[in-house]
Amino acid sequence: MCYGKVYFSSAQGCPERGPNLEFLKYIWNFNKEKKPEIELLLQKYKSQKEIHSIHNKTELNEFINNVKLRK
C-alpha cells in the first residue's frame, strides 16, 4: 500500500492516508480493552445465535465448504 496514492476503491480525489495515532492506539490496546467485551457478548448470545469462531485459513475453508454443502 502506498500512502498518498488514489486507489479505485478510494473516494474521488481522496488519497490513501497512513494510520493516525488514535487508530494505532486502538489496534495496540484491542486485546486488552475490546476482546473481553466481545467475549462477553459471544457468551451472552451463544444460546440464541449460531456463532462460529474461525482462527486460521484451514478453518475458514472448512467453514465455507460446510456452508456450500448445506445449500
Side-chain angles (χ1 to χ4, degrees):
M1 180 170 287
C2 296
Y3 301 117
K5 182 177 178 182
V6 177
Y7 290 90
F8 72 92
S9 59
S10 303
Q12 189 173 10
C14 218
E16 187 69 36
R17 296 181 308 169
N20 62 21
L21 184 57
E22 181 182 349
F23 179 71
L24 292 174
K25 285 180 182 178
Y26 177 84
I27 297 300
W28 184 264
N29 294 312
F30 184 87
N31 282 342
K32 182 176 70 176
E33 295 177 1
K34 299 296 179 185
K35 189 175 178 181
E37 295 174 31
I38 293 169
E39 289 173 344
L40 284 173
L41 289 170
L42 290 172
Q43 286 299 317
K44 179 178 178 180
Y45 292 106
K46 73 179 181 180
S47 64
Q48 299 171 34
K49 300 288 181 184
E50 189 173 340
I51 297 173
H52 302 274
S53 294
I54 298 171
H55 302 97
N56 55 51
K57 192 171 184 176
T58 301
E59 290 179 4
L60 175 61
N61 289 331
E62 290 172 3
F63 177 77
I64 291 170
N65 288 333
N66 288 332
V67 169
K68 287 179 182 177
L69 292 174
R70 289 185 201 172
K71 290 183 176 184

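Just so it is clear, the values below take in all heavy atoms, side chains as well, and ignore hydrogens, waters and symmetry mates.
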Could you grab the distance from atom [atom1] of [X] to atom [atom2] of [Y], nearest 0.5 Å is fine?
X: His52; Y: Asn66; atom1: NE2; atom2: CG; answer: 9.0 Å
X: Ile51; Y: Gln43; atom1: CD1; atom2: CD; answer: 8.0 Å
X: Asn56; Y: Glu62; atom1: CG; atom2: CD; answer: 8.0 Å

Group every Ile, Leu, Val, Met, Phe, Trp and Tyr by side-chain heavy-atom contacts under 4.5 Å, then state whether Ile27 and Ile38 land in the same group.
yes
In one Ile/Leu/Val/Met/Phe/Trp/Tyr side-chain cluster, 4.5 Å: Leu21, Trp28
no
If you count every heavy atom of other residues, nucleotides or ligands that lies below 6.0 Å from Phe30 atom CZ, does the total exceed 12?
yes
Check this for me: Glu22, atom CD, are more than 12 non-hydrogen atoms of other residues, nucleotides or ligands nearer than 6.0 Å?
no
Carefully, step by step, assess Tyr26 and Lys34 under the rule side chain to side chain contact (heavy atoms under 4.5 Å, CB included).
CA-CA 9 Å; Tyr26 177 84; Lys34 299 296 179 185; 3.8 Å; yes
What one should report as the nearest heavy-atom pair of Leu60 and Ile54 is N-CG2, 3.5 Å
Salt-bridged, Lys32 to Glu37, with N to O below 4.0 Å?
no
Steps toward side chain to side chain contact (heavy atoms under 4.5 Å, CB included) verdict (Leu40, Lys44)
CA-CA 6 Å; Leu40 284 173; Lys44 179 178 178 180; over 6 Å; no
